[in-house]
Structures are given as C-alpha cells and as structure tokens.
Amino acid sequence: MAPAGAKKGILERLDAGEIVVGDGGFVFALEKRGYVKAGPWTPEAAAEHPEAVRQLHREFLRAGSNVMQTFTFYASDDKLENRGHTQRFTGQQINEAACDLAKEVANEGDALVAGGVSQTPSYLSCKSENDVKAIFKKQIDVFVKKDVDFLIAEYFEHVEEAEWAVQVLKTTGKPVAATLCIGPEGDLNGVSPGDCAVRLVKAGAQIVGINCHFDPETCVKTVKLMKEGVEKAGLKAHYMSQPLAYHTPDCNCQGFIDLPEFPFSLEPRILTRWDMQKYAREAYNAGIRYIGGCCGFEPYHVRALAEELAPERGFLPAGSEKHGNWGSGLEMHTKPWVRARARRDYWEKLKPASGRPFCPSMAMPDGWGVTKGHADLMQQKEATSQEQLKALFDKCIKWLN
C-alpha cells in the first residue's frame, strides 16, 4: 500500500480494478503547434521549448489523464543523430527536461509519471542485442535518477526489440508496460499478437498492449488477441490501449505509415469526440483498464474518454466544466435548430460528412514490404542524399504504376 498522502502506483491502481486514463500523442500535437519537425519526430522541444510541452501536459491533465508520459519518444542518441538531423541537445538533456516537466504537472493532480523508450534506428540497422540494449540503458539511467513512477516500452514493430527493451527496463525494479504498434496480423515478422504478448510478459512486462499505427477499433481487436494469448499460456497481465485518433480501416500491417496521406493530410480521418466515447466503452468492455491515445489525440479526445468512463471512475475531469454531457451545452445556443442537437441520440446516430466531394472514402496503402535488414532501412547519420531520394522517388512511381 502507498503511504498516507502518497499517490497510488500504477499496479496498485490496476490491481484494484481502477481505470487509468492515458494522455495523447505529443509528437503530432506539438508538430501542429510548431515545436516538432515531422520526419525526425524527435522531442527536443522538451529542452528547447519547455513551456509548450508543459502546457500540453496541463491540458491532458485537465482533460482527465492520470498518467503524464515523459516527452521522450525517439529521444535516444542514435535517433537524434539519424539522417542528418541537427542535434542541439543530447539525449540526456532532453530526457531530463522531459522528466522534470512531466513530474511538475503530474504533481498538480492525481497523476503518475511514466518514462518511455521506443524503437531504435540501431535495431533496424541490425546492430547487436548489446548495442540496442545499451541505448535503452542510457535512457533509463535518467528515468531512475528522476525517479519516475513506472516505465513504458512503446512503439515497437518487432517483438524481439520490445523484449530487449523490457528486459532492460525491468532491471530498475519499477513497473513496466510494453506496447507494440502492430495490428491483428502481428509484428513485422509475422509473430501473432497473442505470441507477442506472451513473450513480453515472460520478459517482465506487467502491462501489455498496443499503441499507435491503427485506429481504436483495430487496436482494441488486437489487444483482445493479446489477452487471449496470455490467458491461454496461463499467465497474468494488465492491458492497455493507446491508438491513433485517425480512422484506418484501409491500412495494412504497418498501419497509417503506409497511407498516402501520412503525415500531412490525415485530418479528414480524425475521430470525433463521440467516436472516442465509443472507443472508451469498447476498450473497457474488452477488459482493458489503461485507456489512452497516441498520434492525433488532442485533449478533447481524452476528455471524451474520461466522460464516457465517469460512471466507473466516479468523477468527471476538470475540463468537463466547459463541456456539457452529450452536447447539453448547446441548450444555450442562439439558434433553435442547434439547440435541438443537445441530445445523445443525435450525436450517436450522426454520420459526419467529409465535405470533400471528389475524395475517395479509402486510400491505397503504399506498403513496400520492407522491414529490419532491408537496404532501404539501413540508418545513417548523414542527411539523405539526392541520389538516395531519387531512388525512392523512382520506386514510388513504379509502385503507383
């Protein structure tokens, strides 16, 4: 048990059957705000523009998140140096700043701090297990120093690399969660979601699940497969889901990365707050108790999760002060036809129009079928050359034809 006045830990909350609401996708949210560069997707904003990161944490906290995940996605030195990215801050500087910001805001409410590591360019370039683990070790040294509440290995396309991350994180003695960015087909080597989950639990993860790459419906379906695998193996775990805020029914095994719209034209696919309430209920009914989001999630999406789950949690988030239940705030609108929309059945049954008459409802994913070890995925510190780009452009044209 936690000491009097202390916050309950992540496992204590989940063991008690509590719902933990995660936060959203920092790299996408901050890219749209002008603090992250698409392509590298690295989090130097934690050190460069701390006020922007702090404010986003606060908005997610107000919306109902009770985990502040450190803005350390892709904050390993090999990623910071990747493809000619100008490195103004070291991984240690970024990770330390991110921990301080997350902890500061978490202490403003009943939130925990989670330190996160993610997949590495070194793994894609076939570096050794020891080399990859050394990268994770540098990051977790900061998390231990800053005494975060628990650790997350997130955004892994290959279960092998995720196992290595979990094994390193486990050495800290802190609770460990592990999420893969895979769909029902499994990881990029074809390992099924059930088998992936079993391997992660055996590696030491107490919480397993899915994040990113796919929409909520696909992620919940995949977590169900993971849960079935773990239970069939006679193991125990808690389950989490942190999907995209984009509809991805037309994606293949690599998810939204393969969509032609990625990353700059995804807005027509964004989920509404009502879609999010449906996701929260489906995740809860599937036995998932750590429910959050990833790329595309904004604070109002998290607020929708918290509002849907308010009966189970026993309270509404602070952000609901400015949002009537199922649109009830519209009762005060000046137009009578808008006031008539202040009801649940209107928003539940609505089929939103796209407003784009000449756009297809689905896209054709690129899906070049490359994964770890392929020449196109060999990572380098130098910027991508014009010759390398031309080869990719030519390949793209060939693929389209």
Side-chain angles (χ1 to χ4, degrees), residues 9-11 26-27 40-44 46-47 67-83 85 87-103 112-181 187 196 199-209 211-212 240 372-373 377-381:
I10 185 66
L11 295 180
F26 270 61
V27 287
W41 300 115
T42 48
E44 57 271 18
V67 172
M68 299 289 104
Q69 188 167 337
T70 59
F71 186 37
T72 53
F73 178 80
Y74 273 166
S76 60
D77 286 326
D78 63 336
K79 183 63 180 180
L80 292 168
E81 298 169 353
N82 190 30
R83 297 212 176 271
H85 181 48
Q87 188 177 357
R88 294 183 55 211
F89 299 93
T90 66
Q92 181 174 344
Q93 288 175 311
I94 293 170
N95 285 311
E96 288 187 352
C99 287
D100 290 341
L101 292 168
K103 183 167 285 191
L112 301 172
V113 177
V117 301
S118 49
Q119 65 179 7
T120 64
S122 292
Y123 182 82
L124 288 178
S125 297
C126 300
K127 295 291 181 66
S128 71
E129 177 179 348
N130 287 338
D131 288 340
V132 174
K133 284 185 171 180
I135 292 168
F136 297 137
K137 179 65 166 58
K138 285 184 71 174
Q139 286 188 269
I140 68 162
D141 285 346
V142 174
F143 298 145
V144 170
K145 173 185 174 183
K146 295 294 183 177
D147 194 26
V148 301
D149 296 303
F150 69 103
L151 301 166
I152 303 177
E154 68 163 3
Y155 196 76
F156 286 89
E157 297 172 300
H158 302 86
V159 68
E160 180 183 55
E161 187 183 14
E163 286 178 290
W164 295 352
V166 169
Q167 289 162 3
V168 175
L169 300 185
K170 195 67 180 172
T171 63
T172 65
K174 294 182 180 291
V176 175
T179 56
L180 304 174
C181 49
D187 84 343
C196 285
R199 288 171 61 170
L200 292 174
V201 172
K202 287 184 175 179
Q206 294 117 319
I207 309 165
V208 295
N211 82 296
C212 206
M240 65 185 291
K372 177 195 176 187
L377 286 181
M378 291 296 115
Q379 307 290 287
Q380 62 190 47
K381 292 184 180 181

Next item on the list: Show your reasoning for whether side chain to side chain contact (heavy atoms under 4.5 Å, CB included) applies to Glu96 and Lys145.
Entry: CA-CA 9 Å; Glu96 288 187 352; Lys145 173 185 174 183; 2.8 Å; yes
Check: Going through the distances and angles, do Asp131 and Ser122 end up as a side chain to side chain contact (heavy atoms under 4.5 Å, CB included)?
Finding: CA-CA 8 Å; Asp131 288 340; Ser122 292; 5.6 Å; no
Note to self: Would Lys170 and Leu151 count as a side chain to side chain contact (heavy atoms under 4.5 Å, CB included) here? Give the steps.
What the structure shows: CA-CA 9 Å; Lys170 195 67 180 172; Leu151 301 166; over 6 Å; no
Next item on the list: Check step by step if side chain to side chain contact (heavy atoms under 4.5 Å, CB included) holds for His158 and Leu124.
Entry: CA-CA 10 Å; His158 302 86; Leu124 288 178; 4.0 Å; yes
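Here the side chains of Met240 and Asn211 are not in contact, with every heavy-atom distance at 4.5 Å or above. Using a 4.5 Å heavy-atom cutoff, the side chains of Lys174 and Leu169 are not in contact. At a threshold of 4.5 Å between non-hydrogen side-chain atoms, the residues Leu11 and Ile207 count as touching. Side-chain atoms of Ile140 and Thr171, non-hydrogen and from C-beta on, do get closer than 4.5 Å to each other. Side-chain contact between Cys99 and Val113: absent, with no pair of heavy atoms (C-beta onward) separated by less than 4.5 Å.
For Lys103, there are no salt bridge (charged side-chain N to carboxylate O under 4.0 Å, His left out) partners two or more places apart in sequence or in a different chain. Scored by the side-chain hydrogen bond (donor to acceptor under 3.5 Å, both in side chains) test, Gln139 finds no partners at all (sequence neighbours excluded). Every residue meeting the salt bridge (charged side-chain N to carboxylate O under 4.0 Å, His left out) condition with Lys137, not counting sequence neighbours, appears here in chain and number order: Asp141. The salt bridge (charged side-chain N to carboxylate O under 4.0 Å, His left out) test applied to Asp77 returns Lys138, not counting sequence neighbours. Applying the ring-ring contact (aromatic ring centres under 6.0 Å, His included) test to Phe73 and every residue at least two apart in sequence or in another chain returns Tyr155. Listed by chain and residue number, nothing satisfies the salt bridge (charged side-chain N to carboxylate O under 4.0 Å, His left out) test with Asp149 (two or more places apart in sequence, or in another chain).
When all heavy atoms of Ala114 and Val67 are compared, the closest pair comes out as CB-CG1, 3.9 Å. For Cys181 against Glu157, the heavy-atom pair with the smallest separation is SG-CG, 3.4 Å. Taking all atoms of both residues into account, the shortest heavy-atom contact from Gly9 to Leu112 is C-CD1, 3.8 Å. Residues Pro121 and Asp78 share a closest heavy-atom pair of CD-OD2, 3.2 Å. Residues Val27 and Trp41 share a closest heavy-atom pair of CG1-O, 3.6 Å. Of all non-hydrogen atoms in Phe143 and Val117, the two that sit nearest each other are CE1-CG1, 3.9 Å.
For the ring pair (Phe, Tyr, Trp, His ring centres under 6.0 Å) with Trp164, the qualifying choice from Phe156, Tyr123, Phe136 is Tyr123, the only one to do so.
Glu154 places no side-chain N or O within donor-acceptor distance of the main-chain N or O of Ser118, the cut-off being under 3.5 Å. With Lys133 contributing its side chain and Val168 its backbone, the two residues share no donor-acceptor pair below 3.5 Å.
Side-chain contact, Glu44 with Thr42: a donor N or O sits under 3.5 Å from an acceptor N or O. Side-chain atoms of Gln167 and Glu163 form no donor-acceptor pair, as typed in the model, at a separation below 3.5 Å.
Distance check, rounded to the nearest 0.5 Å: SG of Cys196 to CG of Leu180 gives 5.5 Å.
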